[in-house]
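Here the structure comes first, spelled out in structure tokens, and everything after it is commentary.
As the structure lists them, so they are numbered: ligands from 1, and atoms in each ligand from 1. Given the structure is predicted, the values throughout are model-derived calculations rather than measurements.
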Amino acid sequence: MSRIVYVNGEYLPEEEAKISIFDRGFLMADGVYEVTSVLDGKLVDFDGHAVRLERSLRELEMNQDFSKEDLLTIHRELVARNEIVDGLVYLQITRGSDGDRDFAYPAADTPTTLVLFTQSKPALVSSPAAEKGLKVISIEDQRWARRDIKTVQLLYPSMGKMMAKAAGADDAWMVEDGAVTEGTSNNAYIVKGNTIITRHLSNDILHGITRAAVLRFAAEAQMKVEERSFTVEEAQGADEAFITSATMFVTPVVEIDGRAVGTGKPGSVAGRLRDIYIEESRKVAV
Ligand code: PMP
């Protein structure tokens, strides 16, 4: 069975889905996206992703052509049609196309392009990365300055993943002015005693939907949370480190630039937060 995707109002087999070569997402990376995970056939934190999407569109003065309800219906329809149990739904909205290439935005009534597709991930919960922990390297953060907007400009994060791979690691943490900003596709944390430390929200990082949920669960579990910058050296000397994202949930980090963090094994705080996150997400998924 070929995967059914959604393009501008139609559900189609993936081979039949087409967008214009003049689409600004393709020519200018003029688009935003969201990734919502699916557990037991239900969407995790759909509201959070919908709210962030609205904000990304607003910040880029892109038209809001779809209501939250429309988007929820499309997400659910794709999950059902593709029989996704555990996996994700990818959504992208671009500024569309007026049939040519120009730096200036097209006329305000130009329809945006809406594309969604699913990925099945049977190992989403019992992931090998969660068992083993990730090795990360640190790299300079060379992205643009509006990382709070979830745009499809993902070339530098892709380069970061390739740099990590070349160094025999799994991922990279990006560093700016001596402090860790975030992972290539996740938020970064360290643990010292009973305190969880993660960078404060600003335009320097993506405001992770998983981050918000995990910090709430951590506070409910009587852990202390400090939202502040930290250096690579502080992270290497921490008791534990971990990352969060919609598709990795909470995943431990066991090595930074070749130095073991804590025992060099996945830590108990990260393990506990991962269990709580998955359990609570299952309860409220829609
Ligand atoms: N930071 C970056 C740079 C990301 O790309 C992502 C995931 N897309 C995250 C953080 C985590 O965000 P979320 O928890 O909403 O998936």
Nearest non-hydrogen protein atom to atom 5 (O) of ligand 1, with distance, is Ser185 CA, 3.4 Å
For Glu14, salt bridge (charged side-chain N to carboxylate O under 4.0 Å, His left out) partners two or more places apart: Arg3
I need the contact type for Thr210 against ligand 1. Using non-hydrogen atoms and a strict under-4.0 Å cut-off, is it side chain, backbone, both or neither? both
Classify the side-chain pair Ser138/Asp257 by whether it contains a donor and acceptor separated by less than 3.5 Å. yes
Donor-acceptor contact present, side-chain Glu240 to main-chain Ser268, <3.5 Å: yes
Checking side-chain polar atoms at under 3.5 Å, does Lys161 have a donor or acceptor matched by the opposite partner on Ser185? yes
Counting each atom of ligand 1 from 1 as listed, which ones have a heavy atom of Asn187 under 4.0 Å away? 10 (C), 11 (C)
Tyr33 to ligand 1, any heavy atom closer than 4.0 Å: yes
Within ligand 1, which atoms have a heavy atom of Gly208 less than 4.0 Å away? 12 (O), 13 (P), 14 (O), 15 (O)
Min heavy-atom dist Met248 to ligand 1 below 4.0 Å: no
Main-chain N/O of Ala123 paired with Ser127 side-chain donor or acceptor, under 3.5 Å: no
Please confirm whether Arg147 comes under 4.0 Å of ligand 1, counting heavy atoms of the residue only. no
